[in-house]
Amino acid sequence: MACLLRTSLNICRASASYQISLLGKARPLSSLANLRIDEPTPNQSRLLASTLKATPLGLLSKVQSFSTTSAVRASGVPDQHDHSKIWTLERLLSIALMPVVPLGVMYPNILFDLIMSVAIVMHVHWGVEAVVVDYVRPIIFGKLIPKLSLGLVYVFSVVLLLGLLNLSFRGQGIGNSVNTIWSM
Amino acid sequence: MAYLRSLCQASRMGLALKNQPFKASLIQARMVTLKAVPAPAPSTANFEERNISLGRPMSPHLLIYRPQLTSMMSISHRITGLALTFYAFVLGTSSLMGVDAAAAIANLGLPGAIAFVGKFIIAFPFSYHLVNGIRHLTWDYGLGLTIKEVYLTGYVTLALATLLTLLLASKKTEKKQ
């Protein structure tokens, strides 16, 4: 199975690098290095199309459509949108919030309030961002509104952070606020 | 590759036969030249752009699915998260405007039963998001992903979240000052 996978991957890479066509006039073919590059005539193109359907090369052309990711990987250009590390960070933050919030409410103090402010805002930002990306979609709202909404998420997160920091430094704090509400 | 090699052999065979004039037309049809062209550039269109250009319908469409425990608990996780965000936002922005929202709520002097309901409304999103968040983390870790386990943990989550909510809502802290 692994061998089969590797072979098909190699075919992918080969077909991504070179399109090999079954065309042209008869020429001595001592090795693959002596390739001739000819433009196909319309007649040859028609011949190619019918040949492709009838031969395993048809399969090869099908494999090509799966080769884009291999081509991207083989290109060696680092992926600018690699979010795998952020995903893990999000999970670690979620785990950290589980003890941080109860502790911050049970033992209200400025240090726990500050940790809660930053951790909650990060968690909220990623969560709301995911909601906006999933529901405010270009296919429904067009090009502009999704981008504006994503910008608003950042504005919202900044305001939330300022608000919670203000509550922690100048107000009674997050932990104390919860305790105050729970005193009713 | 094996197929390519056999093509090369076929063409060599064709060359060997070329001296025989009456077979020339047949051989011409079988002649092979390999042509190298650059690989097509990978598409730069993203998921959304591709869906729009292909005219794909929206999927999954909410109106054609029967509500199930799985989907309802999934959307509840987001709704409870947004509810908690709203509570934090109210506390934060009121503080920016110089108002102590928590003290204002506590000073309303709500009767016990109403206060319990109020605490329930605050505590339920917290409890649900906490317990279901643990469920999500176990999935992220690769555990409990069969449909049977998803339903089992779903019911356990609902029960635990409700219990925790009742426990929290029935609590009362000492009034300060």
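Proteins come first, then strands; the chains are lettered A, B, ... in the order of their sequence lines, and each starts at number 1. The basis for the numbers below is simple: all heavy atoms, side chains too, and nothing from hydrogens, waters or symmetry mates.
With values rounded to the nearest 0.5 angstrom, A:Ile139 atom CD1 is found 5.0 Å from B:Ile52 atom CD1. Interatomic distance, B:Ser94 OG to A:Leu167 CG, rounded to the nearest 0.5 Å: 7.0 Å. Annotation: the span from B:Glu48 atom CD to A:Ile140 atom CD1 amounts to 8.0 Å, rounded to 0.5 Å.
With sequence neighbours excluded, no residue forms a salt bridge (Lys or Arg N to Asp or Glu O under 4.0 Å) with B:Arg50.
Between the B:Thr173 side chain and the A:Ser183 main chain, a donor and an acceptor come within less than 3.5 Å of each other.
Considering all non-hydrogen atoms of both residues, A:Trp182 and B:Leu168 come closest at NE1-O, 2.7 Å. Nearest heavy atom pair, residue B:Leu96 against residue A:Val159, reads CD1-O, 4.1 Å. The heavy-atom pair separating A:Tyr135 from B:Arg78 by the smallest distance is OH-NH1, 3.1 Å. Looking at every heavy atom in both residues, B:Leu137 comes nearest to A:Met98 through CD1-CE, 3.4 Å. Contact between B:Ala106 and A:Thr180 at its shortest, heavy atoms only, is CB-O, 3.4 Å.
Linking Ile, Leu, Val, Met, Phe, Trp and Tyr residues whenever their side-chain heavy atoms come within less than 4.5 Å places A:Ile145 and A:Val153 in a single cluster. A chain of hydrophobic side-chain contacts below 4.5 Å, direct or via other Ile, Leu, Val, Met, Phe, Trp or Tyr residues, connects A:Val155 to A:Val132. Cluster annotation: B:Leu130 is not connected to B:Trp139 through the hydrophobic network of ILVMFWY side chains, with a link wherever side-chain heavy atoms come within less than 4.5 Å. Both A:Leu161 and A:Phe169 belong to a common hydrophobic cluster when Ile, Leu, Val, Met, Phe, Trp and Tyr are linked at side-chain heavy-atom distances under 4.5 angstrom. Under the 4.5 Å side-chain contact rule for hydrophobic residues, B:Leu163 and B:Ile134 do not share a cluster.
Counting non-hydrogen atoms of neighbouring residues, nucleotides and ligands closer than 6.0 angstrom, the CZ atom of B:Phe86 reaches no more than 12 such neighbours. The 12-atom threshold is not exceeded at CZ of A:Arg170, counting heavy atoms of other residues, nucleotides or ligands nearer than 6.0 Å.
Annotation: maximal heavy-atom pairing with chain A below 4.5 Å, among B:His136, B:Lys119, B:Arg56, occurs at B:Lys119. Contact tally against chain B (heavy-atom pairs below 4.5 Å) for A:Val121, A:Leu97, A:Leu162, A:Val128: the top residue is A:Leu162. Here B:Asp140 is the residue among B:Thr85, B:Leu91, B:Asp140 with the most heavy-atom pairs under 4.5 Å with chain A.
Of the two parts of B:Ala123, the backbone and the side chain both hold a non-hydrogen atom closer than 4.5 Å to a non-hydrogen atom of chain A. Interface remark: B:Ile79 contributes no atoms to any contact with chain A (heavy atom separation under 4.5 Å). Only the side chain of B:Asp100 comes within contact range of chain A, judged by heavy atoms closer than 4.5 Å. With a 4.5 angstrom heavy-atom cutoff, A:Val178 does not touch chain B via any of its atoms. Of the atoms belonging to B:Tyr141, not a single heavy atom falls under 4.5 Å from chain A.
Put simply, the side chain of B:Phe89 does not reach to within 4.5 Å of the side chain of A:Val124, judged on heavy atoms.
Cluster partners of B:Tyr128, using a side-chain heavy-atom cutoff of under 4.5 Å among ILVMFWY residues and allowing indirect links, are B:Leu69, B:Met73, B:Phe116, B:Phe120, B:Phe124, B:Ile147, B:Tyr151, B:Tyr155, B:Leu158, B:Leu166.
Between B:His129 and A:His123, the ring planes lie perpendicular to each other; the angle is over 60°, past the 30° to 60° tilted range.
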Checking side chain to side chain contact (heavy atoms under 4.5 Å, CB included) for the pair B:Asn107/A:Met184: CA distance, chi angles, key distance, verdict?
CA-CA 8 Å; B:Asn107 289 336; A:Met184 68 179 179; over 6 Å; no
